[in-house]
2 protein chains.
Amino acid sequence: MLVESQPDLTVLGEADNGADAVRRAADLAPDVVLMDVRMPGMDGIEATRRIIASGGRSRVLVLTTFDLDEYAYAALRAGASGFLVKDAQPEDLLSGIRVVAAGDAVVAPKLTRRLLDRFADQFPVEGETENGQSAERLEMLTEREREVLTAIGRGWNNTEIAERFHLAESTVKTHVGRILAKVGARDRVQAVIFAYNTGLVSPDNHG
Amino acid sequence: MLVESQPDLTVLGEADNGADAVRRAADLAPDVVLMDVRMPGMDGIEATRRIIASGGRSRVLVLTTFDLDEYAYAALRAGASGFLVKDAQPEDLLSGIRVVAAGDAVVAPKLTRRLLDRFADQFPVEGETENGQSAERLEMLTEREREVLTAIGRGWNNTEIAERFHLAESTVKTHVGRILAKVGARDRVQAVIFAYNTGLVSPDNHG
DNA sequence: GCCGCCTTGGTACCCCGGTACTACGACCGC
DNA sequence: GCGGTCGTAGTACCGGGGTACCAAGGCGGC
């Protein structure tokens, strides 16, 4: 009703499940498909993927819940042109439809926060800037700490590290704690990821 | 002038270079800092990084050019709360400032398109990991298990995995336990290493 | 000499992660 | 229909990991 009330927008069709949505999108070739992530039968992500893959010029705008969960990211991979929350303000919904129709993309502000956070996680600065943040954080580790981090990156637990370095386990814990603080990791798992991303350890050379 | 014309917004100060921006942000503690990416002396990214790192509650909204270049991504990594284009419509600029002030984030539609595309690139569609040796152990994982392993490889703990996949934490633990058994890992740290070695997760930097 | 950093080590405490079960509904192949 | 797998979820338990402290010896710089 909201969409129909707009002179420049028209509802071409509706569907209450994914398979039907794919069929109707193919038949009607709408400029924009408003897709609910959760639907009976084929879910919205798979439907989005197929609509995009079909090669038509329909763009898919996903309606999601308050949080950006894995379904949302899956929809992103599938080629969605944006995300809006289901309880969005009418004007925001209409605005989003027009933006997507124009070929741009839109993300609800509440979701953008999370999107950016996660995006930042995936793109450490050192990737493109040569002397980025992580390299600096690697530099601020002491020699011993780098050794311990390398050991962590090889999958050793604190006991093993203590044994192989002839240290007390409490000492290892002290080092680990400082390493986590310095590189900004929450636990040793994230420390391993850091070690890989900085090149301190590389795939397939752990003995 | 535009900002000052709004009853709920006030310009606390201005700066024409990065170092000055950092100083003034520290002194004035504004809710929102409008940051130009390119500035003489210290650039906007470094200034953004320092303002965020200072621990104040100032949020940084970056004004960038038409395309999201590497500077923009670096700003994102530095903790920026959003991006607007320099020639944005006045109402969009004001709207963006209010959104950021409210704790959310905003990205100009023209930039969102590129952001989403690049984000999607970072998450390859499942099934294209073709790698030698350990790949068969990857094969014996179920679809769900591979998803969970990928999440582990991103550094998420069980609680986060449960949230983002909408599962009970006990279910996540069940999956994790089975993954460890299948790939021959003792704990999630070794599972992360496995994920990197098989290419399920890749270092996203430095080639 | 004194200060700061690195390394080592300790104690106490809490929580998350991993294990060991059990269980049930959905789905698929035979 | 029936057995197998998969995904979901639960309980109970315990050990390792992480945190918050403190402390001492070595070593280099000012």
Side-chain angles (χ1 to χ4, degrees), chain A residues 17-19 37-43 45-46 69-71 74 136-195 200, chain B residues 126-127 136-195 200:
Chain A
N17 67 73
V37 278
R38 291 178 208 285
M39 298 172 79
M42 184 193 302
D43 62 57
I45 288 84
E46 184 57 30
D69 56 13
E70 285 309 307
Y71 284 95
E136 286 178 18
R137 280 185 287 172
L138 198 56
E139 284 302 313
M140 55 188 287
L141 291 180
T142 67
E143 188 59 34
R144 197 52 149 177
E145 287 165 353
R146 271 194 294 271
E147 290 176 355
V148 172
L149 179 53
T150 302
I152 294 173
R154 305 226 186 290
W156 304 353
N157 61 27
N158 290 341
T159 306
E160 290 168 340
I161 296 173
E163 284 176 357
R164 303 189 191 195
F165 284 85
H166 298 111
L167 295 175
E169 190 167 341
S170 61
T171 301
V172 176
K173 284 190 174 186
T174 303
H175 286 315
V176 172
R178 276 202 272 265
I179 291 168
L180 298 184
K182 285 187 179 180
V183 307
R186 177 180 53 199
D187 49 38
R188 64 202 294 116
V189 171
Q190 294 187 348
V192 170
I193 295 169
F194 173 86
L200 186 63
Chain B
E126 55 276 7
E136 61 266 21
R137 272 188 295 173
L138 205 54
E139 285 301 315
M140 50 188 289
L141 292 180
T142 67
E143 185 59 33
R144 196 51 148 177
E145 287 165 354
R146 271 194 294 272
E147 289 177 355
V148 172
L149 179 53
T150 301
I152 294 173
R154 300 206 193 292
W156 305 352
N157 61 28
N158 291 340
T159 305
E160 290 167 340
I161 295 174
E163 283 177 359
R164 301 188 188 189
F165 285 94
H166 292 124
L167 296 176
E169 191 167 340
S170 61
T171 300
V172 175
K173 285 189 174 187
T174 302
H175 286 314
V176 171
R178 278 201 270 262
I179 291 168
L180 298 184
K182 285 187 179 180
V183 307
R186 177 180 54 198
D187 50 37
R188 64 203 293 116
V189 171
Q190 295 188 348
V192 169
I193 295 170
F194 173 85
L200 184 64

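The sequence lines fix the lettering, A, B, ..., with proteins before strands; numbering per chain opens at 1. Every heavy atom of this structure was used, including side-chain atoms; hydrogens, water molecules and symmetry mates were not.
- A distance-only check finds a donor-acceptor pair linking the side chain of A:Gln190 to the backbone of B:Gly155 [under 3.5 Å].
- Counting all heavy atoms, side chain and backbone alike, A:Leu141 lies closest to A:Leu149 at CD1-CD2, 3.7 Å.
- Rounded to 10°, the angle separating the first-five-pair axis and the last-five-pair axis of the helix from C:dG1-D:dC30 to C:dC30-D:dG1 equals 50°.
- With sequence neighbours excluded, the residues forming a side-chain hydrogen bond (donor to acceptor under 3.5 Å, both in side chains) with A:Glu145 are A:Thr142, A:Lys182, listed by chain and number.
- In this structure, CD1 of B:Ile161 is placed 15 Å from C1' of D:dT8, rounded to the nearest angstrom.
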Discussion item. Can you build the contact string for nucleotides 23-30 of chain D? Use B for base contact, S for sugar-phosphate-only contact, and - for no protein heavy atom under 4.0 Å.
Written reply: --------

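- Under the rule for a side-chain contact (heavy atoms from CB on, under 4.5 Å), the partners of B:Thr150 that lie at least two apart in sequence or sit in another chain are B:Arg154, B:Leu200, B:Val201.
- Using a 4.5 Å heavy-atom cutoff, the side chains of B:Val148 and B:Ile152 are in contact.
- With sequence neighbours left out, B:Asn158 forms a side-chain hydrogen bond (donor to acceptor under 3.5 Å, both in side chains) with B:Arg188.
- For A:Glu160, the side-chain hydrogen bond (donor to acceptor under 3.5 Å, both in side chains) partners at least two apart in sequence or on another chain are B:Arg186.
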Under-3.5 Å N/O pairs linking protein and nucleotides 25-30 of chain C:
none

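- The side chain of A:His175 places no N or O atom within less than 4.0 Å of a non-bridging phosphate oxygen (OP1 or OP2) of C:dT7.
- For the OP1/OP2 pair of D:dG10 and a distance below 4.0 Å, the side-chain nitrogens and oxygens of B:Ser170 include at least one atom meeting the criterion.
- B:Thr171 comes within 4.0 angstrom of a base, heavy atoms only.
- Checked against side-chain contact (heavy atoms from CB on, under 4.5 Å), B:Thr171 has the following partners two or more places apart in sequence or in another chain: B:Leu167, B:Ala168, B:His175.
- To the nearest angstrom, C1' of D:dG16 lies 12 Å from CD of A:Glu160.
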Expected rows: protein N/O vs nucleotides 12-17 of chain C N/O, under 3.5 Å:
from	atom 1	to	atom 2	distance (Å)
C:dG17	N7	B:Lys173	NZ	3.1

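- Side-chain N/O atoms of A:Arg144 include one lying less than 4.0 angstrom from OP1 or OP2 on C:dT8.
- The separation between A:Ile179 atom CD1 and D:dG18 atom P is 10 Å, rounded to whole Å.
- Taking the salt bridge (Lys or Arg N to Asp or Glu O under 4.0 Å) definition, one finds that A:Glu147 meets it with A:Arg144, sequence neighbours left out.
- Candidate nucleotides D:dT19, C:dG10, C:dT19 were compared by shortest atom distance to the side chain of A:Ala168, and C:dG10 ranks first.
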